[in-house]
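Step one of this worksheet: look at the structure below.
Lettering of chains follows the sequences in order, A, B, ..., and the numbering in each one begins at 1.
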4 protein chains.
Amino acid sequence: MPRVSQSYLDSRRRQIMDAAITCFARRGFDQATIQDIVAETGLSAGAIYRYFPSKEDIVAAIAAERHAAEAAALAEWRAGDDVAEALRRLVGVSLGRLADPAEQRWRRVTVQVWGEALHNDRVMSIVRGGLDEPLQILAELFRQGQRDRRLPQQLDPDGAARVCASIFQGLVLQQAWEPGLDVQAYINAVLTLVDALAPTASRGDLRRTRPPRQACRD
Amino acid sequence: MPRVSQSYLDSRRRQIMDAAITCFARRGFDQATIQDIVAETGLSAGAIYRYFPSKEDIVAAIAAERHAAEAAALAEWRAGDDVAEALRRLVGVSLGRLADPAEQRWRRVTVQVWGEALHNDRVMSIVRGGLDEPLQILAELFRQGQRDRRLPQQLDPDGAARVCASIFQGLVLQQAWEPGLDVQAYINAVLTLVDALAPTASRGDLRRTRPPRQACRD
Amino acid sequence: MPRVSQSYLDSRRRQIMDAAITCFARRGFDQATIQDIVAETGLSAGAIYRYFPSKEDIVAAIAAERHAAEAAALAEWRAGDDVAEALRRLVGVSLGRLADPAEQRWRRVTVQVWGEALHNDRVMSIVRGGLDEPLQILAELFRQGQRDRRLPQQLDPDGAARVCASIFQGLVLQQAWEPGLDVQAYINAVLTLVDALAPTASRGDLRRTRPPRQACRD
Amino acid sequence: MPRVSQSYLDSRRRQIMDAAITCFARRGFDQATIQDIVAETGLSAGAIYRYFPSKEDIVAAIAAERHAAEAAALAEWRAGDDVAEALRRLVGVSLGRLADPAEQRWRRVTVQVWGEALHNDRVMSIVRGGLDEPLQILAELFRQGQRDRRLPQQLDPDGAARVCASIFQGLVLQQAWEPGLDVQAYINAVLTLVDALAPTASRGDLRRTRPPRQACRD
DNA sequence: AATGAATGAGCTTTCATTCAT
DNA sequence: TATGAATGAAAGCTCATTCAT
């Protein structure tokens, strides 16, 4: 029988996580201290420990939240019939969102999470969980594209899925380092790649004619 | 033990850096302690500090060394006349090297360096120095390819350069997480992308033969 | 244990300073360790650092407190009209206080402070602040005595002020070395000097009776 | 059978002590490091330890040397028949020497020695040895002056001796803090005090007539 | 439920001293 | 003899965590 409402508890937890994200973005997980978070929240050290059993749990909660957000973004995106169109929508969903300057704090924390995962099993399983599912979805998309003769038969679907992940991860990293980076130029380059890989009639009219790529020339 | 040779001094420094890389790969910069490095080297704490003024300097030296190694790999690679050929060689030089399982320690440290750069100006300038030059070289390569009509005119050269960087960074990251990752599949996917972007008659020969994932249905 | 009163905080700070004075008196500033103070207080190392940002700050706080105590003693003393009387009262105020055996700890610390001032600007400014003001007051007293024709005209007021400071400092030093030193003999000698310098009819009454060291041979 | 001459050994020892004095004057005994002395001498750490068994021995040697120098200065001074004249010569010998700006390094080290003596028995016995002998000589001088009726009978000879020591010590201290201090003003003040205590016919002609101090007026 | 003073293990770094060369 | 690289105990200080209030 709680003495305070659940929403009160939730908002405290949210407040702590927000402050922690700010602190972790600023100084990294290890260099940010509980006192930093205390200062950022305006709460007391004791209060923090009422909501999280340890600093590591805050880190894990943040990593998990990030994972959930990405999963939600992906869930929103539906593969659809046309591969090229699906990839273009994916670019919009995943990369377009990164263009938001307000996400800079998140990008910095994400890069920290990557490193943390390497020596923190809990974070690693969160990170891997957040990567493996998209990889499978993407690989399946590429396989479907090949079945539909919309993609080169020699394209390795699993490798290509990982390349897609890299294109996302690299942008996160480069933007974390350089917040002013030209995201649109990056997105355009990716779209050109998609076009090259899966040409469509309704696009590419400005391009010189090229032999259809999907015929097996070997 | 005084008046030792320069090579003796160099080998001690190397010994410390090697031990530090091992420790940092294992636990991250902040969680690895000087005592860990002491245990790993077999030297004393005092000896470490004869070669490096602080733990942070060891981190910086490692980041700088990594940067130098990548700059050397890039210097080895020459853009050459043909864009497609140049890109394929670049894939071999930059990604092929990552396939070496012995590099796993390095990959893990590299990911740590990325995070460290975010709150360590010294490391950041090393990292940025190691990124900006390749980006310019790649962008120029793409511009040249466009002048040669070997690449789509609408390809954004700067964005494309960053995508290349991402393809490298993402593989480093994913391999750090999953050492057994199929690098060849990744490389093949990238080569297929290169083919799609800059088609050649003589393409595909750099792709190693692998068991056909699907029969050629054409 | 939170939300404690200000007096609680003050008493903790006092406790730490007292312990530190004991430790510093025993082993000097540099050889006394934080662990010594921890042992002396019964607090933990962390608790010390809640009240003082560094060991040096404890030293500075102690030097400042000493300075404040002496300034208070001086403020209590008022120069008054008659030079000889004023000097005699000064002797009582400044030297008499030193006779207290409980002050031994303070004398030892004071000597440490003198040395510390030589390579610690913060301590030096405290020490200089505690010396310059008394020197000016004393010099003015001597000048007034000369205007009143109660002191030799050729007496250098500034030099004499410094001699007075020396008479104080030397007693602190010699007592620090030799706690059983005969302070009364010292004071008597100083009073005789004062008499010689500024003769009065009613002098000598402040001198405590002691067994005659030699019969009055006149 | 030494491999090198004694004078070579002596000069090395001298060189180390000079460097140590410089370092100790600069940073104090505890904060000056053996490495500081190594840098100041140009010798190696090992070489230092060939001439002194420990850092503490260097401190002790310096304290002892200082003591010997003061003893020599005192030995040079002979009490003589006339008290007033003897005291005036003493002022010249002991205080006049301090006026030398080159002695600043020594003054700073002396103040450090005072503090060191408080927790270093070896240094304490050197310091006490250097103080007790002069105190006895001075006390005897004052007693002689009283027998000669040249000094007030009520002057406490032991106390007065300590006051003389203070006048010396205080000047050392104040000059250590303030190298530009007006030593001559200080000396003049002391000489005026001596005159007041032991008036002479050949001096004081500018002074107003005062009742002879040596009569027992009580 | 909230506070924040207290804890104390453990961190990085220093430095007097040693001894193989 | 002289060197200076190596040692390692111990220093000052930090900070995640606890718990009396």
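The phosphate of E:dA1 (OP1 or OP2) has a side-chain N or O of A:Arg50 nearer than 4.0 angstrom. The phosphate of F:dA20 has neither OP1 nor OP2 within less than 4.0 Å of any side-chain N or O from C:Tyr8. In this model, the phosphate group of E:dA6 is approached by a side-chain N or O of C:Arg12 to a distance below 4.0 Å at OP1 or OP2. Side-chain N/O atoms of C:Tyr49 include one lying less than 4.0 angstrom from OP1 or OP2 on F:dC13.
When each of F:dA2, F:dA5, E:dT17 is scored by its nearest atom to the side-chain atoms of B:Tyr51, the top-ranked nucleotide is F:dA5.
For residues 29-57 of chain B, the ring pair (Phe, Tyr, Trp, His ring centres under 6.0 Å) pairs, not counting sequence neighbours, are B:Phe24-B:Phe29. Pairs of residues two or more places apart, or lying in two chains, that qualify as salt bridge (Lys or Arg N to Asp or Glu O under 4.0 Å) and include a residue from residues 14-24 of chain C are C:Arg14-C:Asp18, C:Arg14-C:Glu65, C:Asp18-C:Arg105.
Atom CZ of C:Phe52 is separated from atom P of F:dG12 by 15 Å (rounded to the nearest Å). Across the protein-nucleic acid pair, B:Gln15 atom CD and F:dA6 atom P stand 9 Å apart, rounded to whole Å. With rounding to whole Å, C:Phe29 atom CZ is found 13 Å from F:dG12 atom P. As rounded to whole Å, 11 Å separates atom C1' of F:dG12 from atom CD1 of C:Ile58. We find that CG of C:Leu9 is positioned 7 Å from P of E:dA6, with the value rounded to whole Å.
Scored by the side chain to side chain contact (heavy atoms under 4.5 Å, CB included) test, B:Ser7 finds B:Ser5 as partners (sequence neighbours excluded). Evaluation of the side chain to side chain contact (heavy atoms under 4.5 Å, CB included) rule for C:Ser11 yields no partner, not counting sequence neighbours. Residues that satisfy the side-chain hydrogen bond (donor to acceptor under 3.5 Å, both in side chains) test with D:Arg50, not counting sequence neighbours, are absent from this structure. Every residue two or more places apart in sequence or in another chain that forms a side chain to side chain contact (heavy atoms under 4.5 Å, CB included) with A:Glu103 is listed here: A:Arg66, A:Arg97, A:Asp100, A:Trp106, A:Arg107. Every side chain to side chain contact (heavy atoms under 4.5 Å, CB included) that A:Asp30 has, sequence neighbours left out, goes to A:Glu116, B:Asp30, B:Gln31.
Annotation: side chain of A:Thr33 is in contact with side chain of A:Arg27 (closest heavy-atom distance under 4.5 Å). Contact of the D:Val59 side chain with the D:Gln112 side chain is not registered, since no non-hydrogen atoms from C-beta on lie closer than 4.5 Å.
Residue order along DNA chain E, read from the 5' end via each residue's closest nucleotide, puts C:Leu43 first among B:Pro53 and C:Leu43. In terms of position along DNA chain F, the nucleotide closest to B:Ile48 lies nearer the 5' end than the nucleotide closest to the other residue of the pair B:Ile48 and A:Ser54.
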Could you write out DNA chain F as a dot-bracket string, with dots for unpaired bases, | for bases paired across to another strand, and Watson-Crick or G-U pairs counted at under 3.5 Å? .||||||||||||||||||||
Report, one pair per line, the protein and nucleotides 8-11 of chain E atoms (nitrogen or oxygen only) whose separation is under 3.5 Å.
{"from": "E:dG8", "atom 1": "O6", "to": "C:Gly46", "atom 2": "N", "distance (Å)": "3.4"}

